[in-house]
Amino acid sequence: MQTEDIKYHSRFGGNWIDTDRFAEELAARVSDGRISDELAEQIAIFERDGYVIMRGIVPEELLTAIDDEVESAWEPGSGFLGRNPKLGLKWAHQFPADGRRRIVDPIVNAPSAQLAAFVPEIRDFLEAIFDETPMAFQSLFFERGSQQRIHQDTAYVVTNAPVRLAAAWIALEDVEEGNGELVYYPGSHRFDEFLFGNEDDVSKSWNIGRDGQPMHQEFLAGLDNQAAERGIEKARFLPKRGDVLLWHADLAHGGSKQTNEEATRRSIVVHYTPLSTEPNYVNFTSHFKPYEVAPGAYMSSRHYDPYLLDSEERPVIPIDGLGLDPFEG
Ligand SMILES: O=C(O)CCC(=O)C(=O)O
């Protein structure tokens, strides 16, 4: 693509799909065989709506293996890290089994989750929109829904190329309305852009010290307001096990209220960026080492050193407040 005079929807740039040349560029890539017709259709939907749903792309053998890996994650010594809103970050076995546990970066220690993050449909799609090898760099396993207010990931998932980001929501079980399902505003990736920071330091990401809570609330309210002004209704993702929803960096999405108290809503969310992009955590971890998990597929982690997967050791996390002993009580 000729780079002069190209206009991006965002002042922070993006991928080629985020430019005013999208339609002609897509046609050119299809016509010279770089992109298949099927992939082109998915990319066109993603560009228009800010997300695309791929049904049944994670095979059942992989899903069964993930179930086992997640079960083993709660055992002392598993090496998995967990998180919940109350207790923060700890070894996974240190969390009560109340159904609200989350596993941090499950794709590092769980080989099947890693494969699921890069099933060919996801890998090829990401490579096509990034025009580059994809890298998974922030993932979470959820037992139940986050119930998180509708937001854009660019506010919190920080890299040096903010719009060159996409995420996958991988369903590990069927989800019904009331189970804390994922909700989103179709088309919201093209909403007017909220600017954090100040004149000297305009930013797409929220920094609590610099911006404070009022600006954060203004950002969140702005998403609902823009949806209302444009007459956009919330859509719900009610997947079957093995379905995946891929979303754009700026799709406004969140977790709906869980009205069915008993229900779990097991899922894995993976964030991706091109291999040349640097997550913000390169500035405060020694673990930024992209690791090739399969040809054309990389991962990195803020907490784990994936290269330890090649050794006999379990990945360990020498970060503040957490010891190195994955058996600690
Ligand atoms: O799955 C959910 O409830 C929401 C997940 C989400 O918003 C995220 O990971 O960015």
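Numbers here simply count residues along the sequence, with the first being 1. Given the structure is predicted, the values throughout are model-derived calculations rather than measurements. Note that ligands are numbered from 1 as they come in the structure, with each ligand's atoms numbered from 1 the same way.
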What pairs of donor and acceptor atoms, side-chain ones from residues 42-58 against any protein atom, are under 3.5 angstrom apart with sequence neighbours left out?
unit_1: E47; atom_1: OE2; unit_2: R190; atom_2: NH2; d: 3.2
unit_1: R55; atom_1: NH1; unit_2: D243; atom_2: OD2; d: 3.0

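Pocket lining of ligand 1, defined as residues with a non-hydrogen atom under 4.0 Å away: S146, Q148, H151, D153, W169, L182, W247, H253, G255, R265, V269.
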Query - Chi angles and distances behind the side-chain hydrogen bond (donor to acceptor under 3.5 Å, both in side chains) call for Y184, H189 - result: CA-CA 10 Å; Y184 46 90; H189 61 311; over 6 Å; no
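Taking the six-membered ring where the residue is Trp, W16 and F22 present parallel rings, their angle staying beneath 30° rather than reaching 60°.
For the pair R265 and F142, the cation sits on the ring face: its NZ or CZ lies under 6.0 Å from the ring centre, inside 45° of the axis.
Between R149 and Q217 the shortest side-chain heavy-atom distance falls below 4.5 Å.
A donor-acceptor contact shorter than 3.5 Å links the side chain of D211 to the backbone of G197.
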